[in-house]
Structures are given as structure tokens and as C-alpha cells.
Amino acid sequence: MSTTAEPTPDKYSLGQSMKRKEDPRFIRGAGNFLDDIVLPGMLWLSIVHSPYPHARLVKIDKTAALAVPGVVAVLTGEDLAAHNLAWIPTFHGYDKQMILAVGKVLFQYQEVAGVIATSREIAQDAAELVDVEYEPLDPVVNPFQSREDKIILRDDRENKTNHIYHWEVGKRDATDAAIAASDVSIKERVVFQRCHPAPLEPCGIVADMDAATGRLTLYLTSQAPHAHRTVVSLVTGIPEDKIHVISPDLGGGFGNKVPVYPGYVVAAAASVVIGVPVKWIETRTENLTTTGFARDYHMDVEIGATKDGKVTALKVTTVADHGAFDAAADPTKYPAGLFGIVTGSYDFANAFTELDAYFTNKAPGGVAYRCSFRVTEASFAIERGMEILARKLNMDPAELRLKNFVKKEQFPYPSPLGFVYDSGDYHLTLRKALDMIGYDELRKEQAEKRKRGELMGIGISTFTEAVGAGPSKHFDIMGIKMFDSAEIRVHPTGSAILRAGTKSQGQGHETTWAQIAADELGLDPQNIMVEEGDTDTAPYGLGTYASRSTPVAGGAIAMAARKIREKARKIAAHLLEASVDDIEWENHAFHAKGLPGKAITMQEIAFAAYTNPAPDSEPGLEATFYYDPPNLTFPYGAYIAVVDVDPETGFVKVRRFLAIDDCGTVINPMIVEGQIHGGLTEGFAIAFMQEIAFDESGNNLNTNFTEYLVPTSLETPHWETSSTCTPSPHHPIGAKGVGESPNVGSPAAFVNAVMDALAPLGVTHIDMPLTREKVWRACREASTA
Amino acid sequence: MFPAPFDYHRPGSVDEALALLTRYGADARVLAGGQSLIPAMRFRLARPAVLVDINALSELSYLREVDGMLAIGAMTRDAALETSALITSKYPLLADTSALVADPVVRQSGTVVGSLCHNDPAGDWGVTALAGRAQIVIRGATGTRTVTIDDFLVDSFTTAVGDGELALEVRFPTPPPRTAGSYQKIERKVGDFATAAAAARITLDANGAIADAGIAIGAAGPHALRVRDAELLLNGAKPTKELIRAAGDAARKLADPAADNRGSVEYKKDMAGVLVARGLIAALARLGVEGLR
């Protein structure tokens, strides 16, 4: 069979909006999510939660619950303690967390007991009958109260203090001196409120101990199935080969499905002890009240500048509220994540940042909610700070940014807080945004409106992220280096299976991973099946979060494909009867030098690999690659929001929002656009409506979707999107990771726009969420002042 | 979450429904659109022993004008009003309201009469019914009676419908000429309960003075409240900016909201005034009276 037609380069090339291969099954309701999994003889777990944020546990009476027909067991912290499972270490190993309360409860809704029964309904009804006696204690509900150490929360710890750790990076003295010597300086406290990733599918597990084989299978809502397998093995002592983690289709994760939760451990322990499958799946309230929250950073931002607007120094001092346990999911050496990106897109000669973290009587967490570890907090701090500085300088905020951007010829750019930014052209991207939105016209319109007393605002955010953790010299979780992996097997007829250590939760890996391999190999992406989430079959990887999948696993896929291509080159030489050195790869096919008309496709090579292998090579065509990235990648963007504020009601109308993203090489523009739309919608929600708030007594005020607001299409603004492309010089395909940029970059754009609208009233800052009442109050106080 | 145990009946006629309601008395709840009752049951805030589902009573699903009144049956969904030419052409106050109740999905199931019977302090229809001078037709074992909306709204989640009774329809007087209305609502997001709400209905006389005004506010007390002081100010007066401000202030004064995640007492009181003023301005604009902002 000789192929006369030249392979069409387009068919295999990156950058096409191929429809998502996973969507047909999701659209038809044929996905396989955790709650779809029902095993024969399966029992159900329901959890009893504490109504108190801080209380001594006096007594737990199981009698009434155990008397309910169908109840198999009621487990408490004492029961788990007998198996050494009352506490488990947190991810980075610096703290431990309770599985079921022992001695004290430390936050409202904390897990106190587990009821195992033959149906979900019986388990839940019986959970209401577990009689728990508490002795309430005074709660600590904010980190400033916590740091006074008047009430010590964690009597299990050696150090009798609520202070968890101090972290700092940069040059303190030089920064202080530069700020003191600056012509102009600003200082503002900006709070990034406690919010929650709130994936539409909550967390859950089906634990299945097979007594015959001694194998524990865990169907788990996991963004990191391999890491979870290793944790289970380390905590329980069960050999890792006897643990099989399967992460089925996930209905969103956003960082919420990275930690290990008590329900997982109780269900698994119950299955091991009882010997039958045990299922636990959260209610919405359980998800919002007990699982990994995000943010809760109180940041004092100081910037020094010359009077003509050249920034000289940045200092950010943060107080972090970590809740009852230090369960933040950060790499070991980065307790405050990648907060050091706080110098943003600007060339600061001096910078220093420090952070102190405290325990409070709130749920533990501090997960990377659609962001690379604490990058969102950092971006918000610097982008708010630059806006406040621009106003103080009486300078246009776009001009201030253009004046202080890292210049494109400065890349690779060593930042004062220790990163080496890979690539970027910040001036180009912001100028494109200003041009597209018609910035000068908008400023004219604003001036006209201000004359009439109308409040219109324009807000800019030009953020830079650090994503793709990460290089093994810096990044590990529990000691495991943060590489990722891919395995590709090409079948004889030229289709393939690709497995990776990542786990899609909606990102579209089944499509984009196939596209990367297709471009490297010249195979049809429709016929490259992607499989993730099964630890028995996928190569070991650290999972999907922190925009690391494309920077790390994407690199692994390209490199595995290139290994295959090198072997294919030998086969091509054999088939073309030419020297390997004379074989060229062009237009997704091989040909002998000087004979481009006689090309040989990868499909033909695949067949030959099994039917007519080269004499000096193994049969078959497959490869595995573990990719240790040489650096992080640094995607960035220029976002502009335009708002109108109604001072009578405080309503903010987001009239326009433009997002220009630069994530380097784009694999699938449609998927990138979808990611941007989703993240902007989350950022909009965080800016205007979302908060997990607590009253003075420590009661959680946002325990369901009536009170924790998720916007619908009806109130979500229209998003305008575009891009520039500055490929990463070190990534195999030049890609950077983009899924989180809109959540990272947009909150500051919204807040900056509202503050710009309120500027005539002298309002400098309002903490998120910018509810109608907060905006109304600011307008009112300004008008009565 | 899932509900506590309950018995379920689906009667095939109004008489059968009434027989069930008589038999079970206070233990029974009527299930119409279910958009409030079912969530309350799932959270076990409501634990009715018996549900009497009237969804099979298609004879209660209608919008019709009879004897100078618009009658809305007990099984008429919010969405039916939204898409009705009769409503959009002749009843702008009702059209406004039906477009702002909860969200489009809820409006496919939720009913006007069910919302009135639920009598949530932040419900929409009680506000519009007060401003529109609605009446409710209630049937029990002993016969049928008609009560005004003012008498119907008794207390939070409590109405004049007694045990063993069924609210059959709500009636709105057909607006006389030179009449318009407007419904205004502040909500944190589409589908949320009102932070504040107001309904205004205005009839102008031949001289351009206000012949008759109906003003009500929601989320400002145990149930929707009629702002009689505003109505008294408006009746007989020529519409001016000052008059509208004074009507808003009457609403501010009457409003007695509870603080919650939607806002403080101070904010909600002020919004009652803002929305009454905006409702009046919008209603008057529909009558061609502009320049009152």
C-alpha cells in the first residue's frame, strides 16, 4: 500500500479547536462518576458532625443509632485510635489532622462519628441518633485573635501556641530602606476572603477490600490518584501493590479534590475491617463546611516609587488563617506556596515578603483553588497595590504598568523573590488589550460621566503566574518529586493508547493529550485513546492541580512521543532502505533526504513495527517518559473590566470584560477559551458574591448554595477573549498552562474597576466580596462625609 | 439530604383533594409546584406526614378574565404568566413579577397560588398581590369563601387557608384605563430570595393626578407589607419627584426587615424606599409621565 497523497499537516497539528472527545458521554449522561458506582453488598457511611466550633468531647452514646435495623457499626475517634488512625499526617508533613474527633472538636461541622449501614438513608437517619455530649469552649474565629494566644487551640501539639509557622523571602532591610527613601509610597491591607472551590460533584469514595485477594480498591474523587495511593500505603502500612486507586470521571475539582478527607479514611477502614465495600459521598453542606477551603490571607501591601512612577520596592506582610489543622496542600519547601510571585509583572529592585500562619476554629484547608499554590493571593495583592499607587501618583494605571513591566529583552528574568521567569512580552499584551477595549475612548466617556455625577470604572489586571510544579530540585510532596509521566503505545494499525499520571476533572485531557501526541507522531488524534486515573495502569504522576498538567505531563507526552519517533525513524530507514541519518521528519511523515515525494507515514511504520521490525530493534512501538521540568512556566495576561456603579443600591454592572491571555503554545483554542470563561466566572463570583464567613461564635454562615452563591448564566457578564503567544523556551512544545489564569487574574480587575468608579468619592479599597451593601455603604459614607 | 418519611396522595378531583385535606387536617400539606416545600423537606425543615399532590388537577391551571377580574388557578405556573399575551399586554405589574420570580427553571414548576400560600417573608407574589388588591378564593368542606390579600397574609408562612381547605385561585382586578404598575427586586443573584422588593400600581385621572395607588414591599417584615402611608400620600396628588421621595420614605419607615447574609436592617430599609420610588417612576413612565428620576 503506497500513500500517494501527502499527509495534510493540519490534520495532526496543534492549535486546532478539535471537539472534546469526552463530551459525547457527558452530554448523554453516560459518564461514570463516583456516585454512579454501586457494588454488590455495599454499605454506606454517614458522618456525624459537631454543631460547635470548639468544644470538649464528653461522651458519645452509640446505643440508639446501633439499635436502628440496618446499622452495622458506629465508629468514633476512639475506635480509630485503636487502629492508629484517629490522626493522620497532613500533606506536607508539618502537622497532623484528626479523622474523627478525639478529646476536642476544633471547628463547626468537624467529623465526630461515622455510621455504617445497609443503605444511605438508614445511615443518615441513624447518624441523627448518635448522642454526643459536648462541653462548649470559647472559639477563636480570626487569626488576629488567634495570635494573642489567649486560647490555645491545639493541646495535642508540643508548642503551646496557635502560631504555625513564619515564612519569608527577599531582602527585608534593603526593602524597608528603599520604601522609606521613596518619593511616594502606599500601604494598604487587602484581604483575600475565605472562599471555597465548590466543585459541582462533591467528594466521595467507594472502598472495596477484597478479602480473597487482600487487595484494597479505592474508587476516589481524586485529582492525584497515585499520590493518594502512596499516602494510604504510608499511613496504613498496606503494601502499595495491594492498593488500587481509581479516580473515575470527576465533576470538577479546582483543588478541592487534592487533600485526604476523614470520610475517605473512615470508609476505607470500615471496608478493611468489615470486608465488604463501603461508600461515602458528601452532601453539599459537608463539602462546603469540611473540605479544603481556599485563601483567607490578610495582606499588608507596601510599594515605594519615584514621583514619576518608577517602582522601587515592594513589601507584603501576610497573616494567614489556616483553620484547625495545617492541611494546606503545598509543596514541602513552600509552606506559603508560590506566594513569592507577588512582584508580579513588574521589575522591582527590592522586594520582601513574610507570612505568619495561625490556627483558628475553622475548617482546615488552604488548597490551591484554581491556582498554582497561593498565586491568586499574590496576584491580587500586587495588582491592587499597583492600582492604589497609580491613584496616589495621579497617573493612569495602564501607564504605570507599562512603565514598570519587566521588558521582553530581560527574559529569562530573575525576580527579586527567587523565580526565573521564562518568557513574556508584557508591553505587547497590555497594549493589545488597551487597543481592543478602546481604552482612550472609555476614559473619555468616564470623564463625561463623572461630570454628570455618574460612577463608571475601568480596572486593569496584568498578572503573571508561576505554574507547573515542578523541578525536582525544588518541588516535592511528601518527598515525592513533582515530575509527571506519560506512556504511549502505538497499535499495529496506527491507533494508540496514551496514559498519563495526571487526572482530568473537566480540563479536556482526553482531547488535548491526544492532540499533543498526534502532532509529535503524525497520528490521528481521534484514534489516540487517553486514559488517566487508574493507578494499576497509568504511570506514576503527581496529578492535576496548580496548572501543572500541560507544563509537566504535557512535556512528558511530547517526550514519550519523541522517543517513539526516534524508534520509528529506524524503522523508516529500514523500510526506505536508507541510512537513519538520512531520514527526515517533515509534514508529519518520514522521507529519505532529497526524496520528499516518497514519504512513509507513522501508520505504516506502526504496522511494520509489528510485522516487519527493523533487524536491529525490538518489535513493538511504545515509550514511557518521566518528565522533570527544568523550570516553572510563567503564563500571564492583561485583563480589563468596565463597570457602572449604581450608588443608590450598590449594584455593580460589569459592562465589559476583556481577557487577553498568553499561555505560550496553544494546544486547543476552543478548550482554552472554555477554561477562560469558566475561570472568569469564578473570579466574578469571588469578587462580588462568594465568601465562607463565620459569626463571632464560630458558626459557618455559608453552608449551602442558597448562601454560598454560584453565579448562573443570567448574571454572568459577557466575556471577550483574545491572546498573544510567547512560547515557553524550555517546555518541549512551548506551552505554559492556562486553566487557572482567569481565576488568578480577574478578581483584581473587577475590584480595581469598582474602586476606579468610586474614586471621585475618595474610596480607596473595599474587601471582597463587593456586595451591594458594601458598595452602597461606601457611596453613602462618602456622600455624608 | 432526603426527606423524613411521609405519605403521598395524588387526588384526581378537587373534591377528592378536599376530602383528603379534611381527613388529614394539620398533618397534610398541599403539593403544587413544590419549589419551596420540597427543598424544605429535603433539609427536614418541613416534615409533613401527608402530601396531597394537586398536580393532576389540570382544571386548576388557567388564566382567564371573569367579571372584571383576572383569575389565576392554583396549578398555573409562573412561566404561564411570563409567556401569556394577556398578561404582558394588560397586566404589566404581573408580567414584571413573573419574570423576576426565582429563576427560569423554578418558574417552570412554581405556581402563583402556591407562592402566596407559602407566604415566605421574601416571596414575590404577596407583594404584587397587595399592590394589585388581589383576592383569594378558598374552598373547604363547608363551601367557598373569598378573602382579600390583606386578610389572607396572616404571618410568616401562615395564611387564612385553614386545615382541610384548599386555595383554588387568586384574582386580580382588571386594571382600569390609565393604570400601570411595576415590580422591583434586589437579589444577590438570579434565583435568590429578595434582599428587598417593591410593587407599585398607579391609576391616573384625567388631570394627571393619581386617582388610585397600590404600594407594597417584600422582605421587610413577617410577610409582604402594604405601604398605606405611601398610598395615602399618593392618592389625589400630582406625581412629582418630592412626592415619590416621600412615598419611598414611607416605605423606609414601615420596613422592619431582619438582618441576614443578604444585608443589614439599615440597608434593607433603605432599599425598600429606593425600590418603591423606582417602582413608581417605572409605572408612571409606562403611563407616559417622564422626568421623575
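Quick note on labels: first sequence line is chain A, next is B, and so on, each numbered from 1.
- With A:Q108 contributing its side chain and A:P53 its backbone, the two residues share no donor-acceptor pair below 3.5 Å.
- Interface remark: A:D646 contributes side-chain atoms only to the contact with chain B (heavy atom separation under 4.5 Å).
- Ion pair A:K653/A:D644 not flagged as a salt bridge, since none of the NZ, NE, NH1 or NH2 atoms sits closer than 4.0 Å to an Asp/Glu carboxylate oxygen.
- Using modelled atom types, one finds no donor on one side chain facing an acceptor on the other under 3.5 Å when comparing A:H196 with A:Q690.
- At a 4.5 Å heavy-atom cutoff, the contact between B:D270 and chain A is made by side-chain atoms alone.
- Of the listed residues B:M271, B:R44, B:K189, the one with more heavy-atom pairs under 4.5 angstrom with chain A than any other is B:K189.
- Heavy atoms of A:E282 lying under 4.5 Å from chain B are absent altogether.
- For B:V274, the part sitting under 4.5 Å from any heavy atom of chain A is the side chain, from C-beta outward, and nothing else.
- Residue with the most contacts toward chain B among A:D125, A:T706, A:N702, A:N704: A:D125 (heavy-atom pairs, distance under 4.5 Å).
- Remark: aromatic rings of B:Y24 and B:H9 are close, center separation under 6.0 Å.
- Only the side chain of A:R777 comes within contact range of chain B, judged by heavy atoms closer than 4.5 Å.
- The cationic atom of A:R194 (NZ for Lys, CZ for Arg) lies less than 6.0 Å from the six-membered ring centre of A:F293 and within 45° of the ring axis.
- Residue pairs meeting the salt bridge (charged side-chain N to carboxylate O under 4.0 Å, His left out) criterion with at least one member in residues 95-107 of chain B, sequence neighbours excluded: B:E82-B:R107, B:D96-B:R286.
- Both the backbone and the side chain of B:S264 come within contact range of chain A, with heavy atoms under 4.5 Å apart.
- Counting only N and O atoms by type, the side chains of A:Y109 and A:N700 include no donor and acceptor under 3.5 Å apart.
- With chain B as the partner, the residue from A:M689, A:R120, A:R772 showing the most heavy-atom pairs under 4.5 Å is A:R772.
- Looking at A:T649, both its backbone and its side chain come within 4.5 Å of chain B, counting heavy atoms on both sides.
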